[in-house]
Amino acid sequence: MAQNPTYQAPKGTVDLTGDSARAWEYLNHTAAQVFSRYGYELICTPIFEATEVFARGIGAATDVVNKEMYSFKDKKGRSLTLRPENTAGVVRAAIQGNLAGEAGLAKLYYAGPMFRYERPQKGRQRQFYQIGAEALGPASPEADAEMILMLWNYFCTLGLPVVNMELLVNSMGCPQCRPAYREHLADYLRDHTKELCPECQTRADTNPLRAFDCKNPQCQTVLATAPKLSDALCDDCASHQRQVTALLEAAGVTYTPDPTLVRGLDYYTRTVFEVQIKDGLGAQNALGGGGRYDGLFEQLGGKPTPGIGFALGFERVALALDAANQYLFSAGGPRVCYVAAADAALRGRAFGLAQTIRTSTQKWAALCDLQNKSLKAQFKAADRAGAAVVVIVGADEFEAGQVRMRNMQTHAEELIAFDGVARWLDDHPELQGASNQLSVSSYTS
Ligand code: AMP
């Protein structure tokens, strides 16, 4: 029934319903499967944190902190912010709860909504969903390579075609080598100030590395011949980078060294990486990425603890799966049977049988009518729900202590004992519903 809504979802937000909600479930389910094989556990942090957590963590000169945060005062006048990303919150939680503990290692993953006040477009929203992982404690190149391989494995497991993805890798250096390079780059930008857009002119003083991300063609021309950090790395950073890429090569994953890859948040040190989709997404082609953040614990008041992580964007991944005509298989949920009452007097029996099925089988969902429908309408509802089996509770059969099991694919029927329905269903795991596939529709408002 079409309605004329009084209220609309706020600009840059969408409701996840139907296929898009199932796609979110599919990404979560696959994340739990893939990440647990690397030893990761789920963490859920609050959706808002003290504003300082992000301002100090992400960096005051970043676009995210400068322009995009949803900050507000609570009733006691404290400044809080809806999380624009989850790494700072996870690190805050790790410090507070000493999550790395005696072992000096915590492997955590998260999934949930993030908030940035950006101009909405395809693949870019104000409330968007990320899945990410953080390895807190290890400083080794193996930790970096494992993180990159886990992200790659995740995208492959989802069903994204390898030929349409590109893995970019770079090093952002460390406090030993980056400051001198930063000044060198700033001087270069100041020498070319007339050719730069107003924003990059400011970046020369505030955040020169971010100029590499500018989409302005004139700025890109200037940046093409700018000094590169890859040529200015200290020996330790250069050696770290060589070991990371050697491990990727040993694992047989192709990557592209990209000396201009600078990710938008200030906390990165050494390895940064991004997986891009080659076509189908236009400008918003970064499916996910991340990097090492060895200074973040200290910036948030913790003991020096290295860390590395990534975050991927649900909307872009779902659009990429859609563009690749990749159907998403359901998250392996239970098969559906529909318990239909042949006449009104048996509605209570059908209702009770559905509950028995739900509590005594693992693999089957049971539905029954809640709207006083005729038998014909119950069959329609069973079809709509993709039921593999309809259990018909009819008067004569019930008298005889039986029900009729109808296979919805073959339409074959079988009479079995009323008390034996759950066992019968468990003995027939091969039965298929109408469709276990779903396709992804549009995700942007
Ligand atoms: P970031 O946290 O900026 O490193 O972004 C990590 C990933 O999150 C990106 O590669 C995108 O896939 C996704 N992402 C970031 N911002 C948005 C947004 N406003 N809307 C949708 N996805 C986003």
Side-chain angles (χ1 to χ4, degrees), residues 9-14 16 20 23-24 27 31 45 53-54 57-59 61-70 81-91 109-134 147-148 151-152 154-155 158 160 165-170 172 207 209-210 212-213 258 261-269 271-278 280-293 296 307-323 440 442-445:
K11 185 173 173 189
T13 71
V14 293
L16 298 184
S20 60
W24 173 233
L27 261 68
T45 65
V53 169
F54 304 115
I58 299 170
T62 58
D63 284 354
V64 169
V65 171
N66 246 335
K67 307 187 212 156
E68 297 169 3
M69 294 210 303
Y70 280 93
T81 294
L82 297 183
R83 60 187 190 189
E85 55 92 66
N86 210 172
T87 301
V90 168
V91 168
Y109 80 92
Y110 60 81
M114 309 295 155
F115 306 85
R116 294 183 197 172
Y117 193 84
E118 294 195 86
R119 201 165 45 78
Q121 52 180 268
K122 190 175 174 187
R124 193 162 79 188
Q125 291 174 193
R126 292 181 174 170
Q127 175 172 332
F128 58 101
Y129 292 79
Q130 282 188 338
I131 294 179
E134 317 288 353
M147 187 59 80
I148 295 171
L151 179 63
W152 189 255
Y154 177 68
F155 286 144
L158 285 177
L160 286 169
M165 288 191 290
E166 187 169 26
L167 169 63
L168 306 175
V169 181
N170 192 24
M172 299 280 286
N207 204 351
L209 272 79
R210 286 290 287 157
F212 281 110
D213 262 357
D258 180 357
L261 178 68
V262 291
R263 296 187 41 81
L265 317 175
D266 264 4
Y267 49 57
Y268 288 121
T269 50
T271 311
V272 287
F273 54 95
E274 194 161 282
V275 176
Q276 297 186 351
I277 198 88
K278 286 185 195 152
L281 285 194
Q284 309 303 318
N285 64 348
L287 296 180
R292 178 163 280 292
Y293 43 81
L296 185 55
I308 178 155
F310 65 68
L312 59 97
F314 159 67
E315 291 78 6
R316 292 181 204 179
V317 173
L319 286 167
L321 284 166
D322 208 21
V440 186
S442 179
Y443 291 90
T444 38
S445 42

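Atoms within each ligand, like the ligands themselves, are counted from 1 in listed order.
- Qualifying salt bridge (Lys or Arg N to Asp or Glu O under 4.0 Å) partners for E274, counting only residues two or more places apart in sequence or in other chains: R263.
- Neither the backbone nor the side chain of R126 comes within contact range of ligand 1; no heavy atom lies under 4.0 Å.
- Shown in contact with G288 at under 4.0 Å from a heavy atom are these atoms of ligand 1, numbered in order with element: 10 (O).
- Under the 3.5 Å distance criterion, with hydrogens and angles disregarded, no donor-acceptor pair is assigned to the side chains of T62 and N207.
- Remark: among candidates E68, E274, R116, E85, the nearest residue to atom 2 (O) of ligand 1 is R116, based on non-hydrogen atoms.
- Distances between N or O atoms of A311 and those of ligand 1 include no value under 3.5 Å.
- Close contacts between ligand 1 and G313 involve ligand atoms 7 (C), 8 (O), 12 (O), 13 (C) [criterion: under 4.0 Å to a heavy atom].
- Considering backbone and side-chain atoms alike, L287 places an N or O below 3.5 Å from some N or O of ligand 1.
- The distance criterion of under 3.5 Å between nitrogen or oxygen atoms is met by A286 with respect to ligand 1.
- Between R124 and ligand 1, a contact under 3.5 Å exists for no N or O pair.
- The distance from atom CZ of R83 to atom OH of Y110, rounded to the nearest 0.5 Å, is 8.5 Å.
- One distance of note links CG of L168 with CD of E166; it measures 5.0 Å at 0.5 Å rounding.
- At a heavy-atom cutoff of 4.0 Å, ligand 1 is contacted by the side chain of E118 but not by its backbone.
- One side chain, Q127 or Y129, offers a donor N or O that lies under 3.5 Å from an acceptor on the other.
- Remark: A31 pairs with F35, I131, Y154 by the side chain to side chain contact (heavy atoms under 4.5 Å, CB included) rule, at least two apart or across chains.
- A cation-pi geometry, defined here as NZ or CZ lying under 6.0 Å from the six-membered ring centre and within 45° of its normal, does not hold between R116 and F128.
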